[in-house]
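Presented below is the structure to which this report refers.
Below, chain A is the first sequence line, B the second, and so on; all start at residue 1.
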Number of protein chains: 4
Amino acid sequence: MTQRKTKRTVNRLPPERRISDIMAAAREVFTEKGYSESLISDIAERAGVVEGTIYRFFTNKRDLLLRVAEEWYVEMISKDAAGFEAVKGEWNRLHYLIYHHLLSIKRDPGLSRLVFLELRPDPLYRETRLFTLNRDYTRRIADVVREGMANGVFRADASPSLVRDMVFGAVEHRTWSFLRSEGDFDPEGSAQALADMIYAGLLPHTELARDTVLARLDKVAGRLERAAERLAPPIA
Amino acid sequence: MTQRKTKRTVNRLPPERRISDIMAAAREVFTEKGYSESLISDIAERAGVVEGTIYRFFTNKRDLLLRVAEEWYVEMISKDAAGFEAVKGEWNRLHYLIYHHLLSIKRDPGLSRLVFLELRPDPLYRETRLFTLNRDYTRRIADVVREGMANGVFRADASPSLVRDMVFGAVEHRTWSFLRSEGDFDPEGSAQALADMIYAGLLPHTELARDTVLARLDKVAGRLERAAERLAPPIA
Amino acid sequence: MTQRKTKRTVNRLPPERRISDIMAAAREVFTEKGYSESLISDIAERAGVVEGTIYRFFTNKRDLLLRVAEEWYVEMISKDAAGFEAVKGEWNRLHYLIYHHLLSIKRDPGLSRLVFLELRPDPLYRETRLFTLNRDYTRRIADVVREGMANGVFRADASPSLVRDMVFGAVEHRTWSFLRSEGDFDPEGSAQALADMIYAGLLPHTELARDTVLARLDKVAGRLERAAERLAPPIA
Amino acid sequence: MTQRKTKRTVNRLPPERRISDIMAAAREVFTEKGYSESLISDIAERAGVVEGTIYRFFTNKRDLLLRVAEEWYVEMISKDAAGFEAVKGEWNRLHYLIYHHLLSIKRDPGLSRLVFLELRPDPLYRETRLFTLNRDYTRRIADVVREGMANGVFRADASPSLVRDMVFGAVEHRTWSFLRSEGDFDPEGSAQALADMIYAGLLPHTELARDTVLARLDKVAGRLERAAERLAPPIA
DNA sequence: CATGAATGAGTATTCATTCAT
DNA sequence: GATGAATGAATACTCATTCAT
């Protein structure tokens with residue numbers, strides 16, 4: 001009649017194992033369904049635990065997501081690290097980082113979406129370890145720029161942070177339709193073209209190639225025009 | 001018995017007016033609170049209608065958001081159009097578009113977030129008129145590149161779509177902390193630096209042909225003269 | 001296949017009716033099961049509405065309980081009011097209030113428990129309308145004491161608030177086992193004995209002045225005559 | 001691999017010590033947070049044991065609360081016992097018990113609340129040792145009344161149990177706002193006034209002071225009126 | 001004896017959308 | 001056309017208690 005406790009077989013495991021089981025399950029579920037569609041109960045089941053157990057190790061659902069994303073970043077950072085050290089030359093290093101970033105997105109589009117759409121927009125993102133990890137991850141691009149500037153390979157007035165934004169912004173936009181599951185992208189091709197653009201943009205100004213009479217005149221004319229516009233705006 | 005109707009003003013307004021009232025209210029609310037925090041009841045109240053009325057003109061909450069975003073794009077596109085036509089020179093045109101895009105984000109961060117976070121990631125985004133509008137909006141960058149290629153100002157192997165992604169991606173990343181309400185950004189400075197990077201990245205690897213220089217000098221001189229004339233017009 | 005909306009028959013009723021339906025159902029359920037065991041879904045079902053509808057009229061479950069209790073107090077206060085006015089003499093008025101209070105508890109032990117155990121201990125109880133109602137309800141005892149003091153029937157150094165606490169405290173303790181569903185109690189017997197104790201405790205320590213006795217005898221005789229007349233009215 | 005045990009101090013203590021540690025911790029926690037807000041894990045931590053250990057000595061959380069309350073009662077009873085014996089005279093004995101009860105509440109408001117709100121309302125309260133202890137504790141008032149009746153100091157028709165309810169009920173009501181942490185109360189003043197009321201209520205009826213012609217007539221009139229009301233209720 | 005990881009039941013609340021009046 | 005009352009689905013989290021080690 002009064003069916004009470006079903007079983008109650010306490011399956012004792014080392015915490016590290018539990019945590020990694022849960023995180024693996026969470027990564028799966030989050031990746032498949034996105035954050036809000038993911039159910040704690042689903043994650044628990046796949047991890048072979050009960051819902052309550054998840055809350056022994058993770059503050060809440062969001063914390064779990066955060067930890068999964070952090071783990072992913074740690075993975076990405078460490079995985080490339082050795083290879084990166086071996087690469088020489090500014091272009092090659094830019095290319096390496098861009099290419100591997102594209103590969104990571106191709107490998108884990110679900111996690112990428114989560115970071116772009118759930119975690120990064122969060123008002124508390126900056127307080128997050130993920131923010132720090134991401135900063136470390138993206139800083140490598142800026143570091144290459146800084147080195148190039150120190151070597152005299154790149155112009156002295158370049159902006160490392162702008163380059164970082166260009167690279168990661170471009171990659172993100174380039175992969176959006178893929179992240180929306182609509183198409184594919186070519187990591188190698190995109191990496192090459194992007195590296196070329198960035199590299200060329202960073203080279204010092206040669207005589208005729210830039211900032212020559214032509215470019216100067218263009219800019220000056222532009223400034224004059226903008227000034228004129230402010231004084232006498234075109235009749236709309 | 002208990003007369004309770006607050007007001008019985010069956011406000012019969014022309015549909016266009018209703019629609020614009022609703023969209024104005026929706027824009028306000030969406031901008032202030034983001035999509036999911038926005039309440040249809042709130043929008044209805046600010047628009048001076050009841051919930052049901054909104055559904056006469058809009059399929060659902062998402063459709064309303066979409067229409068608001070579309071209107072914003074139409075606004076942005078038309079607003080810049082005239083000015084853009086007047087701008088000459090590749091660098092200036094790149095700069096113009098980048099600068100005004102940054103200004104739009106600064107002016108309407110709420111709408112920007114909505115597009116980035118709600119609308120664009122949607123699986124059905126491509127079926128949307130917003131997608132088309134955004135394509136038109138961003139195509140202008142690619143068009144500048146194409147023109148430059150045709151003019152011989154830019155290298156023949158440049159990728160207009162990559163440039164588009166670099167520009168809009170970089171802008172987005174540069175403004176993220178602002179969109180998270182954490183800081184500010186300098187539209188003019190960022191626009192200049194970004195235009196410089198892109199421009200330099202697009203120049204031919206070889207020197208410019210001499211005759212091109214001369215031909216373009218003519219053009220530029222002409223523009224200078226016209227600009228000067230606008231600044232100091234001959235006394236009529 | 002995709003069984004969606006079950007029905008969707010919108011049953012439109014005047015708000016007063018909905019509210020009273022819900023409150024009636026809530027009173028039933030709360031009375032039967034106590035606060036925390038009561039389910040909103042249960043209340044909704046008995047009221048013939050859907051859960052959401054309850055939240056149109058009541059902020060939350062607790063608010064609903066509060067409103068039910070308030071209604072009960074209003075009921076109790078108004079029900080006794082007319083009768084009370086007709087009662088003359090300090091002892092009789094004390095007795096009347098005590099007796100009817102005991103009757104209320106006997107009639108609605110569930111609500112009594114709720115007030116004693118859920119509502120009154122609440123840290124915000126004083127901010128509640130229920131607090132005000134209860135104050136008005138219990139003040140009547142203190143008022144009788146005050147009147148008696150003014151009339152010289154009771155000693156000048158009596159404490160109306162202490163009497164109030166004695167009366168309502170004693171009643172509560174006397175009915176505890178009943179409220180715990182363990183036994184019964186005798187309202188009439190308890191009311192008499194309690195009124196006697198309180199009355200005696202309030203009399204002046206000295207003897208009554210002779211003329212007072214005579215004056216009051218007149219009044220009492222008059223009341224006796226009128227009462228008798230009501231019992232055996234002259235045949236019309 | 002990963003050695004993780006924080007401490008391995010298998011603290012083997014005599015059971016009595018364990019029990020008193022746990023009860024002390026429980027008393028603290030229950031007092032501070034109330035029953036349902038109290039966590040077994042919190043109690044365990046403060047007692048320097050783990051959760052499981054508590055269950056070696058106590059059936060469950062409620063049992064622990066019960067034992068804490070019982071201990072409190074034993075404490076209260078034994079503490080006053082000697083002093084009480086030394087007090088002579090009915091008024092003085094009433095006053096002594098009332099005053100010390102008020103002091104106990106003032107000293108341990110948290111435990112008082114627990115008894116009033118958690119333990120006493122329980123359906124199984126009567127089966128509890130706490131019930132017996134409380135009966136012994138409160139019986140002392142009734143005993144004083146009985147003695148007084150035997151001595152001829154109090155009227156023969158007094159009700160010891162009613163007096164008990166009046167005293168403990170009055171005290172409870174008088175201290176409610178204090179127990180809700182809203183104000184304070186004056187033990188000495190309240191004890192005196194309450195003792196006075198009770199004492200006076202228990203004295204034999206003197207000639208003119210009570211139950212004289214006047215009071216008799218009042219009562220009779222009241223009874224007649226009530227009878228009349230039942231026969232012919234006033235038109236509402 | 002002690003440990004402490006694992007268990008698992010249980011529910012109030014929101015709000016976009018509908019459709020009878 | 002307008003109204004706005006009614007609908008109803010959907011889910012994270014807590015913590016007393018147990019029992020394998």
Side-chain angles (χ1 to χ4, degrees), chain A residues 4-15 18 36-42 44 48-62 64, chain B residues 5-13 15 18 36-44 49-57 59-62 64, chain C residues 4-15 18 36-42 44 49-62 64, chain D residues 5-13 15 18 36-44 49-56 59-62 64:
Chain A
R4 219 28 114 69
K5 333 275 169 174
T6 323
K7 223 188 307 189
R8 191 94 187 187
T9 322
V10 177
N11 179 16
R12 189 172 289 234
L13 243 56
R18 276 274 180 258
S36 61
E37 300 299 296
S38 293
L39 266 41
I40 288 287
S41 56
D42 192 5
V49 298
V50 138
E51 277 142 297
T53 302
I54 292 182
Y55 289 87
R56 283 202 76 68
F57 303 106
F58 303 90
T59 307
N60 51 34
K61 189 181 171 186
R62 190 158 199 90
L64 180 53
Chain B
K5 315 282 175 184
T6 322
K7 46 179 172 185
R8 188 65 204 164
T9 325
V10 180
N11 235 335
R12 193 165 293 236
L13 250 52
R18 278 256 181 277
S36 61
E37 299 299 297
S38 293
L39 267 37
I40 288 287
S41 56
D42 192 4
I43 295 171
V49 301
V50 291
E51 287 104 315
T53 303
I54 291 182
Y55 287 86
R56 289 207 72 71
F57 303 107
T59 307
N60 52 33
K61 186 181 174 186
R62 189 160 200 89
L64 180 53
Chain C
R4 217 31 108 70
K5 332 274 168 178
T6 324
K7 223 185 308 186
R8 191 93 186 190
T9 321
V10 175
N11 179 16
R12 189 171 289 234
L13 242 56
R18 276 273 179 261
S36 62
E37 299 300 298
S38 293
L39 266 39
I40 286 287
S41 56
D42 192 5
V49 299
V50 137
E51 277 138 298
T53 301
I54 292 181
Y55 288 87
R56 282 201 77 69
F57 303 106
F58 303 90
T59 307
N60 51 34
K61 189 181 172 186
R62 190 158 199 91
L64 180 52
Chain D
K5 315 284 177 185
T6 323
K7 48 179 172 184
R8 190 61 205 166
T9 326
V10 181
N11 234 336
R12 192 165 295 236
L13 250 52
R18 277 255 181 278
S36 62
E37 299 298 296
S38 293
L39 267 38
I40 287 288
S41 56
D42 192 4
I43 295 171
V49 301
V50 292
E51 287 103 313
T53 303
I54 291 182
Y55 287 86
R56 288 209 72 73
T59 308
N60 53 31
K61 187 182 173 185
R62 189 158 201 91
L64 179 52

I need the CD1-P distance between D:Ile54 and F:dC19, as an integer number of Å. 18 Å
Nearest-nucleotide wise, let me know which of A:Ser41 and C:Phe57 is further upstream toward the 5' end of DNA chain F. C:Phe57
Heavy atoms only, 4.0 Å cut-off, all strands: where does C:Phe58 land among base, sugar-phosphate and nothing? nothing
Measure CG/D:Asn60 against P/F:dT18 and give the value in whole Å, please. 9 Å
Considering just the side-chain nitrogens and oxygens of D:Arg18, establish if one lies under 4.0 Å of OP1 or OP2 belonging to E:dC1. no
Nearest whole angstrom, please: distance from the C1' of F:dT17 to the CZ of D:Arg62. 16 Å
For E:dC1, does either OP1 or OP2 sit under 4.0 Å from a side-chain N or O belonging to D:Thr53? no
Of the candidates E:dA12, F:dC13, E:dC15, the side chain of C:Ile40 sits closest to E:dA12
Minimum-distance pair of heavy atoms, taken over all atoms of C:Asn60 and C:Tyr55: CA-CE2, 3.9 Å
Looking only at heavy atoms, what is the nearest atom pair of B:Ser41 and B:Glu51, with distance? CB-OE2, 3.6 Å
Which of E:dA6, F:dA2, F:dA12 is nearest the side chain of A:Lys61? It is F:dA12
A:Ile40 CD1 to A:Ile54 CD1 distance, which is reported to the nearest 0.5 Å: 5.0 Å
Value in whole Å for how far the P atom of F:dA10 lies from CG of A:Asp42: 15 Å
OP1 or OP2 of F:dT14 less than 4.0 angstrom from a side-chain nitrogen or oxygen of A:Tyr55, does that happen here? no
Of the listed nucleotides E:dC1, F:dA12, F:dA6, the one nearest the side chain of A:Leu39: F:dA12
Picking from F:dT17, F:dA2, F:dT7, which would you name as closest to the side chain of C:Val50? F:dT7
Nucleotide forming a Watson-Crick or wobble pair with F:dA20, both distances under 3.5 Å: E:dT3
Nearest-nucleotide pick for A:Glu51, side chain only, options being F:dA12, F:dA2, E:dA12: F:dA12
When rounded to whole Å, the CZ to P distance for the pair D:Arg56 and F:dT17 reads 16 Å
Regarding A:Ser38, tell me which of base, sugar-phosphate or nothing describes its non-hydrogen contacts under 4.0 Å with the strands shown. sugar-phosphate
Assuming nearest nucleotide by heavy-atom distance, tell me which of A:Gly52 and C:Glu37 is located more 5' along DNA chain E. A:Gly52
Say you draw a straight line from CZ of B:Arg18 to CZ of B:Arg56; how long is it, rounded to the nearest 0.5 Å? 11.0 Å
Re F:dT11: Watson-Crick or G-U wobble partner, both distances kept under 3.5 Å, found to be E:dA12
